[in-house]
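Written below as C-alpha cells is the structure these notes are about.
Letters A, B, ... are given to chains in the order of the sequence lines, protein chains preceding strands, and every chain is numbered from 1.
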Amino acid sequence: MKTRFKIESHEFRGAFDIELTIGSGQTSQPAWSKNGKYFQELISVDNNACLVKIAHKPNSDDPIDIIAESKEQIAEEQIKARIMEIFGLNDDLPKLYDFLRSDPKLEPTIDFCKGLRLFKADNIFESVVCSITSAHNSIRQWNKAINLLKEKFGDEYKFSSGTFYSFPSPQVLANAPEHEFDEEECDPELLKTRASWKDLRSCRVGYRSKYIIKASEMVQNEIDLQKVSRMDYETAFDTILKIPGVGPKVGDCILLYGYGFGKAFPVDIWISRIVAKLYFDEKNVSNPKMRKFGIERFGNYAGYTQLYLFHYARKSGLMKTLKK
DNA sequence: CACCAGGTGTCTT
DNA sequence: AAGACACATGGT
C-alpha cells in the first residue's frame, strides 16, 4: 500500500519546523534520515511497519506533505494520528509562546526556537534505550549507536527508497551478547571483522551495554512500560528510576520525550548552566534543586521550557562566556 | 595528550 | 546530602 496525503496548517496550532524538531537531539529516537526534501523513517502503526516520508516548509502555512508505504493496508487516519503525536502537532504552540513571553528570561527563546516541537517516541522502549545511551555521550554518537542496534538486532524492511530496520524488542536485546568475542585474545584476522560482530559493543554503546541488557530484562519481566503512561508524573519517575542506567536526568528524558509528560524537567549540564545564570545569580545549585525549581516554576510547561532553554543555551552563543 | 560529550553507579565523608 | 572517581568511545 502506498498513500499520499497532507496535514493542513489549520489542523495544528502554531509554527512547525520539522528539521529543527528532528535534529535537536531529543532522546526519543535518532534523527530521521533525509532523502531529497523528505525526512523518512519506519514507524509502527497498529502493529504494522509503515515507512513514512514527510516534508514541510518551515514555519509556513503550507500543508505538511506525507507519503506512507506499508505491506498491509493501514487507514490514513491512523497514520496521520501517529504523525501528529510523534511531531508534537497536538501541542498548542501559541499558548506555549504566551507562557514563555510572560517571563522576560524565557522570552528570547521563542524567536530562537520557532517551530521547535517535542519529537516523541514511536516506541517507548526505544526511547528508554536512547536515553540511557545518551548519558555522558554526544548526540551524534548515541544516534549512531542506536542505528547500529537497529541494523544488527532489528527486523529488516526493504522499500524502493532504502532498507529500514525496526527497533529490536526487549526480548532480543535482553539476550544479546555484550561481547561476541574476546577482543584481547581473539585471532587478529577475526578482530578485523569487528564491525560486523553481532554484539552490543560493536554497536558502540560502550560501558552502557550492561545497562541496556539489564533494562531489557526488567522491561520484559517487572516493569510494564504501558502502565507507566497511566501513572501520575512522580510515580512514573520513581518507577522508571529503578532501571539501571536511568538516573534523574535520563528518567526525565524518558518521561518527556518518550511519554510526553509535560512536567518533566531533565537537568543536564546545559540546563544547569543556563538556569543558574538566569535564575540563581550564576551560583551553583544542585541538580535535584534545579529539577524541583523547574517543575514548580514552569508546571506543565516545564518540558517545553527545558527543550527551549536547552536549544537556546547550546546554540545562541550566550553560554560561551561562562562555561563552568 | 588532555578534555569534553544532554550522567550514572559506587564508594566515602 | 554532597564529593570523588571510573566508565567506552569518538571528536577537537
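Not one side-chain nitrogen or oxygen of A:Arg204 sits closer than 4.0 Å to the OP1 or OP2 atom of C:dA8.
Counting heavy atoms from C-beta on, the side chains of A:Phe310 and A:Leu116 never come closer than 4.5 Å.
Residue A:Tyr207 contributes atom OH, which lies 10 Å from atom P of B:dG9 at whole-angstrom precision. Atom CZ in A:Arg208 sits about 9 Å away from atom C1' in B:dA5, given to the nearest Å. Taking atom CG on A:Leu241 and atom P on B:dG7, their separation rounds to 15 Å, with Å as the unit. Between the CH2 atom of A:Trp142 and the C1' atom of C:dA8 there is a distance of 18 Å, rounded to whole Å. A:Ile212 places its CD1 atom 16 Å from the C1' atom of B:dG9, with the value rounded to the nearest Å.
For A:Pro266 and A:Val246, each mapped to the nucleotide of DNA chain B holding its nearest heavy atom, the one lying further toward the 5' end belongs to A:Pro266.
Base engagement by A:Gly25 is indicated by at least one non-hydrogen atom pair under 4.0 Å involving a base atom. Nucleic acid contact for A:Arg201: sugar-phosphate only, since backbone atoms but no base atoms lie under 4.0 Å from a heavy atom of the residue. Residue contacts shown for A:Pro288 are absent, as no nucleic acid heavy atom lies under 4.0 Å away. A:Ser272 comes within contact range of no nucleotide atom at all, as no heavy-atom separation falls under 4.0 Å. If you check every strand for non-hydrogen atoms under 4.0 Å, A:Ile269 touches sugar and phosphate atoms only.
Ring-plane geometry between A:Phe237 and A:Tyr233 is classed as tilted, the angle between the planes lying from 30 to 60 degrees on a 0 to 90 degree scale.
Counting only heavy atoms from C-beta on, A:Ser138 has its side chain closest to B:dA5 among B:dA5, C:dA2, C:dA8. With distances taken from any side-chain atom of A:Val250 to the nucleotides C:dT9, C:dA2, B:dG7, the minimum falls on B:dG7. Nearest to the side chain of A:Lys249, among C:dA2, B:dG7, C:dG10, sits B:dG7. If you check C:dA8, C:dA2, B:dG7 against the side chain of A:Asp268, the one that comes closest is B:dG7. Closest to the side chain of A:Trp270, out of B:dA5, C:dT9, B:dG7, is B:dA5.
In this structure, A:Phe119 has its ring center under 6.0 Å from that of A:Phe87.
If you check distances only, the side chain of A:Tyr211 never reaches the base of B:dG7 with a donor-acceptor pair under 3.5 Å.
Figure legend: cation-pi geometry between A:Arg273 and A:Trp270, with NZ or CZ positioned under 6.0 Å from the six-membered ring centre and within 45° of its axis.
Using a 4.0 Å cut-off between a side-chain N of Lys or Arg and a carboxylate O of Asp or Glu, A:Glu178 and A:Lys214 do not qualify as a salt bridge.
As the counterpart of B:dA5, C:dT9 is assigned, both hydrogen-bonding distances of the Watson-Crick or G-U wobble pattern falling under 3.5 Å.
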